[in-house]
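Encoded as structure tokens, the structure appears first; notes follow it.
The residues of the chain are indexed from 1 along the displayed sequence. FYI, side chains are in, hydrogens and waters are out, and symmetry mates aren't considered; it's all heavy atoms of this structure. Note that ligands are numbered from 1 as they come in the structure, with each ligand's atoms numbered from 1 the same way.
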Amino acid sequence: MNTPDAAQLARLANQFRMEGNVLDIAPFGSGHINDTYRVNTDAADSYLLQRINHHVFRDVPALMNNMELVTHHLKQKYRQLNEKDPDSRVLTLIGHESGKSFHEDAEGCFWRMFVLLPHTRSYDIVETPQQAREGGRAFGQFQRLLSDLDATRIHEVLPHFHHIGKRLERLDEAVAKNAFDRVRSVTAELAFVAARKDRMQTIQHMAAEGLLPLRITHNDTKFNNVLLDGNDRFQCVIDLDTVMPGYVACDFGDAIRSIINRAAEDEADVERIKLNIPLFEAYAEGYFEQAHHFLTSHETDSLFAGVLLLPYMQTVRFLTDFVEGDHYYKIHHAQHNLQRTRAQLRLVEELEKHEPELRVILQRIAAKYQKN
Ligand code: GN1
Ligand code: MG
């Protein structure tokens, strides 16, 4: 996909029904999949113009249908809760002049536009327990407000997205092909993954036994997908591309993956990857505050499995992309996926080291809400 120039971007932006005239357009955010641009205008609002990666999201109309349903449902819920300004709590899509919520250009690329929420910010690395607690409240409330949306109306846009068995099969295939002759440089990482294969099946097994309900989950609960306001209170959950039926433990685990790590997701110096356990506790507090209303006891029991599984799954995914020649995630240098693999692998090790302590914290918080 070519990088469009400023004039092309402005032409695209002008096809959406935004207010005002374009002043400037610049790349925005740190996502690994889509391309995002901030559009400043001479009107009150700024906007985000986004090119959806259609190599990852093969069925963009289905994806956008999900997004329309989910944002509509959430806004209705906030209205029922007498929220003053539901548009500040939920993403707002700006329609295209065609009447649709997205546009397909002559090259077959897909574009959409959102209102940019002013006075909000997101963090790649969490700094305070207050922020972590708000993250927990954000994703807990997100799941809660979507719990009465009919899940059969939501398309599974990325089938088996958090199915570890399928992810491991894909890695095996990539290794067997070894198309880029990279397997010999990752034997230690492959051994690490293989040694934990069986242990990481807990959620899949519980689901197969019928113990875990499929709910509408976010499936990309990195902390930087929560917008906080000027007082570090959560305002809005963003990045709704992967909202699909899923298990709450995966959302919990993916959020913890980004919150508990004192270093970046792709930290080059793995010695810097250490756990910030007070942030784990704060996130869990915030999450249970919202989620205890609907969580079953089996779901509560499954949460810790998600904490180990999601960084493990991310290890497998980055490693697979490295072996396959870096076609899925955007990379910023040649070894980037390998660096990410090693950082996530170290995070799994750290979590394993502290497992008993983390389990006790989680049980204590869960028990508190069970009594109430
Ligand atoms: C991708 O694009 P971004 O950064 O929101 C990925 C997530 C991963 C994440 C790792 C559709 O999310 O699943 O957890 O990178 N999204 C997709 O940082 O694969
Ligand atoms: Mg995403």
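- Contact atoms of ligand 1 toward Tyr329: 15 (O) (distance under 4.0 Å to a heavy atom of the residue).
- Nearest-residue assignment for atom 5 (O) of ligand 1 (options Asp321, Thr36, Asp220; heavy-atom criterion): Asp220.
- Residue Asn219 places no N or O, backbone or side chain, under 3.5 Å from any N or O of ligand 1.
- Atoms of ligand 1 found under 4.0 Å from any heavy atom of Phe57 (numbered from 1 in listed order, with element): 11 (C).
- Proximity to Tyr328 (heavy-atom distance under 4.0 Å) selects the following atoms of ligand 1: 11 (C), 17 (C), 19 (O).
- Checked against a 3.5 angstrom limit, the closest N/O atoms of Asn34 and ligand 1 fall outside it.
- The distance criterion of under 3.5 Å between nitrogen or oxygen atoms is met by Gln314 with respect to ligand 1.
- Between the side chains of Thr36 and Asn34, no donor-acceptor pair is found at a separation under 3.5 Å.
- Shown here are the side chain to side chain donor-acceptor pair (under 3.5 Å) partners of Gln15, two or more places apart in sequence or in another chain: His96, His103.
- Hydrophobic clustering, defined by side-chain heavy atoms of Ile, Leu, Val, Met, Phe, Trp and Tyr closer than 4.5 Å, groups Met18 together with Leu9, Leu12, Phe16, Val22, Ile25, Tyr37, Val39, Tyr47, Leu49, Ile94, Trp111, Met113, Val115.
- Only the side chain of Asp239 comes within 4.0 Å of ligand 1, counting heavy atoms alone; its backbone N, CA, C and O stay farther away.
- Taking only nitrogen or oxygen atoms, main chain and side chain alike, Arg317 reaches within less than 3.5 Å of ligand 1.
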Please step through ring pair (Phe, Tyr, Trp, His ring centres under 6.0 Å) for the pair Phe304 and Phe252, ending with a clear verdict.
CA-CA 8 Å; Phe304 195 79; Phe252 188 80; 8.6 Å; no
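- Residues Gln131 and Asp232 have side chains that bring a donor and an acceptor to within less than 3.5 angstrom of each other.
- If you check the side chains of Asp59 and His54, you find no donor sitting under 3.5 Å from an acceptor.
- Between Glu324 and His327, the side chains place a donor N or O and an acceptor N or O closer than 3.5 Å (distance only, hydrogens not considered).
- Between the side chains of His354 and Glu357, at least one donor N or O lies within less than 3.5 Å of an accepting N or O.
- Of the candidates Arg257, His32, Gln344, it is His32 that places a heavy atom closest to atom 15 (O) of ligand 1.
- Residue Ile33 has at least one nitrogen or oxygen atom sitting less than 3.5 Å from a nitrogen or oxygen atom of ligand 1, judged on distance alone.
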